[in-house]
Amino acid sequence: MPAAIECRDLRKTYDGKVEAVRGLSLQIEPGECFGLLGPNGAGKTTTIEILEGLLDPTSGEVTILGHTWRKNQREVREWLGISLQETRLSEKLTVRETIELFASFYREPRSADEVLDDLQLGEKADAMVGKLSGGQRQRLAVATALVGNPKILFLDEPTTGLDPQSRRQLWDIIRNFQRGGGTVLLTTHYMDEAERLCDRLAIVDHGQIIAEGTPSELIERLGGHHVVEFEASGDSGDGVALDAWRVLPGVESVRHDDGLVSLTVREPHLTIPALLDAVEKHGSQLLHLTTRQASLEDVFVNLTGRHLREL
């Protein structure tokens, strides 16, 4: 079976000088939920628009289930469902009318009733789009992507701005689509969402993939499974101060983050006693200390120097 999505040495240059995508390659297998993460301006949106057939690459090759956009545009379009971060729908149509309108664009769409039930919109079938809540609007946007009976679903930050309950409802919808054999390409600004939903993911920066793997593999590559965060009096956070913490036993990496020193460690039971001794020897006082499991957020900050939520 061919890859669901594959691109090789993808490049996109604007005005002959601005390189938005620089030799990017990836392969997404059928049935995967694949996450694409990156700072603003990293080339993530350009990459997705090329994969969706909305932009032509400057060079490189894209195949969707073994077919190219150049030769099989109509067929490939039928296989894709696309939900943008902000989908503008007519507020004077009902929910059912909206789904039926989008269904009319496809040769073999799903029934509107089936999609309404799957996305828990049955009770709102006759409601005007303009009267829906934020979570209901987002579910309707995903419904318009699913009504064409796609094999691949592109979701661009599908839960941005939603309350926790609406987020989890959309997570269930994504998982159900995947359980039915569908492939998902997801972008998100929520690291917990990426960890929960994505089988694999890639982090993009400056138009290139700088890390790729399962969430657990990426965390393992960070060099530790635990993070110790602390604040000590008199710690300026400069390079000299960080060097003092870098030599503690079990420390893999050190950074200064939001006023705290963050240590990535493998054995916190060895690091923490040594840290307490070092603080005392420096004549400082410990003002704050927490420990937690390393996360994708730590991987992202370590690779890009920024928190995804800040971008």
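Because only heavy atoms are used, hydrogens play no part in the values below, and waters and symmetry mates are left out as well, while side chains stay in. All values derive from a computational prediction rather than experimental measurement.
Interatomic distance, CZ of Arg266 versus CD of Glu252, reported as 5.0 Å (0.5 Å rounding). Rounding to the nearest 0.5 Å places CG of Leu162 at 13.0 Å from CZ of Arg168. Atom OG1 of Thr144 and atom CZ of Phe102 lie 4.5 Å apart (nearest 0.5 Å). Distance check: Arg96 CZ to Lys124 NZ gives 14.5 Å after rounding to the nearest 0.5 Å. The CG atom of Leu36 lies 9.5 Å from the CD atom of Glu212; values are rounded to the nearest 0.5 Å. Annotation: the span from Leu54 atom CG to Ile48 atom CD1 amounts to 10.5 Å, rounded to 0.5 Å.
With hydrogens and angles ignored, the 3.5 Å screen pairs no side-chain donor or acceptor of Thr214 with any backbone N or O of Arg200. Checking side-chain atoms of Ser104 against main-chain N and O of Leu101 turns up a donor-acceptor pair under 3.5 Å. Counting only distance, with no hydrogens or angles, the side chain of Asp205 and the backbone of Ala42 share no donor-acceptor pair below 3.5 Å. Looking at Ser262, its side chain never comes within 3.5 Å of a backbone N or O of Arg255 through a donor-acceptor pair. Asn72 places no side-chain N or O within 3.5 Å of a backbone atom of Glu75 that could act as its donor or acceptor partner. Side chain of Glu100 to main chain of Glu97: no donor-acceptor pair is present (N/O by atom type, distance under 3.5 Å, no hydrogens or angles). When atom types are taken as modelled, the side chain of Thr271 and the backbone of Pro249 share a donor-acceptor pair closer than 3.5 angstrom.
Criterion: ILVMFWY side-chain heavy atoms under 4.5 Å apart, direct or through other members. Under it, Phe105 and Val95 are part of a common hydrophobic cluster.
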Test salt bridge (charged side-chain N to carboxylate O under 4.0 Å, His left out) applied to Arg137 and Glu91, step by step | CA-CA 10 Å; Arg137 281 174 180 258; Glu91 299 198 350; 3.1 Å; yes

Which is it for Ser295 and Glu195 under the side chain to side chain contact (heavy atoms under 4.5 Å, CB included) test, yes or no, and what are the steps along the way?
-> CA-CA 8 Å; Ser295 68; Glu195 284 195 64; 3.5 Å; yes

Would you please test His282 and Trp245 for ring pair (Phe, Tyr, Trp, His ring centres under 6.0 Å) and show each step?
-> CA-CA 11 Å; His282 290 158; Trp245 313 122; 5.4 Å; yes

For His226 and Glu267, what are the C-alpha separation, side-chain angles and deciding distance, and is it a side-chain hydrogen bond (donor to acceptor under 3.5 Å, both in side chains)?
-> CA-CA 8 Å; His226 303 272; Glu267 298 175 299; over 6 Å; no

Applying side chain to side chain contact (heavy atoms under 4.5 Å, CB included), run through Tyr190 and Leu197 and close with a yes or a no.
-> CA-CA 11 Å; Tyr190 299 114; Leu197 292 179; over 6 Å; no

Ile173/Leu146 under side chain to side chain contact (heavy atoms under 4.5 Å, CB included): CA gap, chis, key distance, verdict = CA-CA 10 Å; Ile173 291 163; Leu146 289 175; 4.1 Å; yes

Give the C-alpha distance, both sets of side-chain angles, the deciding distance and a yes or no for side chain to side chain contact (heavy atoms under 4.5 Å, CB included) between Cys198 and Leu186.
-> CA-CA 8 Å; Cys198 296; Leu186 171 78; 3.9 Å; yes

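Taking the side chain as every heavy atom from C-beta outward, Glu6 and Glu29 never approach each other to under 4.5 Å. For the pair Leu140 and Leu119, the minimum side-chain heavy-atom distance is 4.5 Å or more. Between Trp69 and Ile50, the closest side-chain pair of non-hydrogen atoms is not below 4.5 Å. Between Val265 and Val227 the shortest side-chain heavy-atom distance does not fall below 4.5 Å. Under the 4.5 Å side-chain criterion, counting only non-hydrogen atoms from C-beta, Phe230 is not in contact with Leu287. At a threshold of 4.5 Å between non-hydrogen side-chain atoms, the residues Leu93 and Leu89 do not count as touching. Using a 4.5 Å heavy-atom cutoff, the side chains of Thr183 and Phe34 are not in contact. The shortest side-chain heavy-atom distance between Asn40 and His189 falls under the 4.5 Å cut-off.
Between Asp9 and Gly23, the closest heavy-atom pair is OD1-CA, 3.1 Å. Heavy-atom minimum distance, Leu201 versus Ala194: CD2-CB, 4.2 Å. Summarising the geometry of Pro109 relative to Tyr106, their closest heavy-atom pair is CD-O, 3.6 Å, with the distance given to 0.1 Å. Across every non-hydrogen atom of Ala127 and Leu132, the tightest pair is CB-CD2, 4.4 Å. Nearest heavy-atom pair across Leu248 and Ala278 is CD2-CB, 4.1 Å. Residues Ser166 and Gly135 approach most closely at OG-CA, 3.7 Å, considering heavy atoms.
For Asp56 and Lys12, the salt-bridge test fails: no basic side-chain N is under 4.0 Å from an acidic carboxylate O. Between Arg292 and Glu229, at least one side-chain N (NZ, or NE/NH1/NH2) sits under 4.0 Å from a carboxylate O, which counts as a salt bridge. Taking a cutoff of 4.0 Å between a charged side-chain nitrogen and a carboxylate oxygen, Lys131 and Asp126 do not qualify as a salt bridge. The residues Asp192 and Arg167 are annotated as salt-bridged, a charged nitrogen and a carboxylate oxygen being separated by less than 4.0 angstrom.
Inspection of the Asn149 and Glu78 side chains reveals no N or O donor paired with an N or O acceptor under 3.5 Å. Judged by distance alone, the side chains of Thr188 and Glu193 do bring a donor and an acceptor atom under 3.5 Å apart. With 3.5 Å as the limit, one finds no donor-acceptor pair spanning the side chains of Gln138 and Gln136. In this model, no donor atom of one side chain and acceptor atom of the other lie less than 3.5 Å apart for Arg139 and Gln120.
Results of the salt bridge (Lys or Arg N to Asp or Glu O under 4.0 Å) test with Glu61 over Arg70, Arg8, Lys71 single out Arg70 as the only residue that passes. When each of Thr63, Leu80, Ile28 is checked for a side-chain contact (heavy atoms from CB on, under 4.5 Å) with Ile5, only Ile28 meets the rule.
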Show me the side-chain donor-acceptor pairs of residues 15-22 shorter than 3.5 Å, one per line, residues at least two apart or across chains.
from: Arg22; atom 1: NE; to: His206; atom 2: O; distance (Å): 2.8
from: Arg22; atom 1: NH2; to: His206; atom 2: O; distance (Å): 3.1

List the atom pairs, with distances to 0.1 Å, where a side-chain N or O of residues 151-158 and a protein N or O form a donor-acceptor pair under 3.5 Å, not counting sequence neighbours.
from: Asp156; atom 1: OD1; to: Thr187; atom 2: OG1; distance (Å): 2.6
from: Glu157; atom 1: OE1; to: Gln85; atom 2: NE2; distance (Å): 3.3
from: Glu157; atom 1: OE1; to: Thr160; atom 2: OG1; distance (Å): 3.3

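Residues passing the salt bridge (charged side-chain N to carboxylate O under 4.0 Å, His left out) test with Asp172 are Arg175, sequence neighbours excluded.
Dense packing is recorded around CD of Glu217, with more than 12 heavy atoms of other residues, nucleotides or ligands lying under 6.0 Å away.
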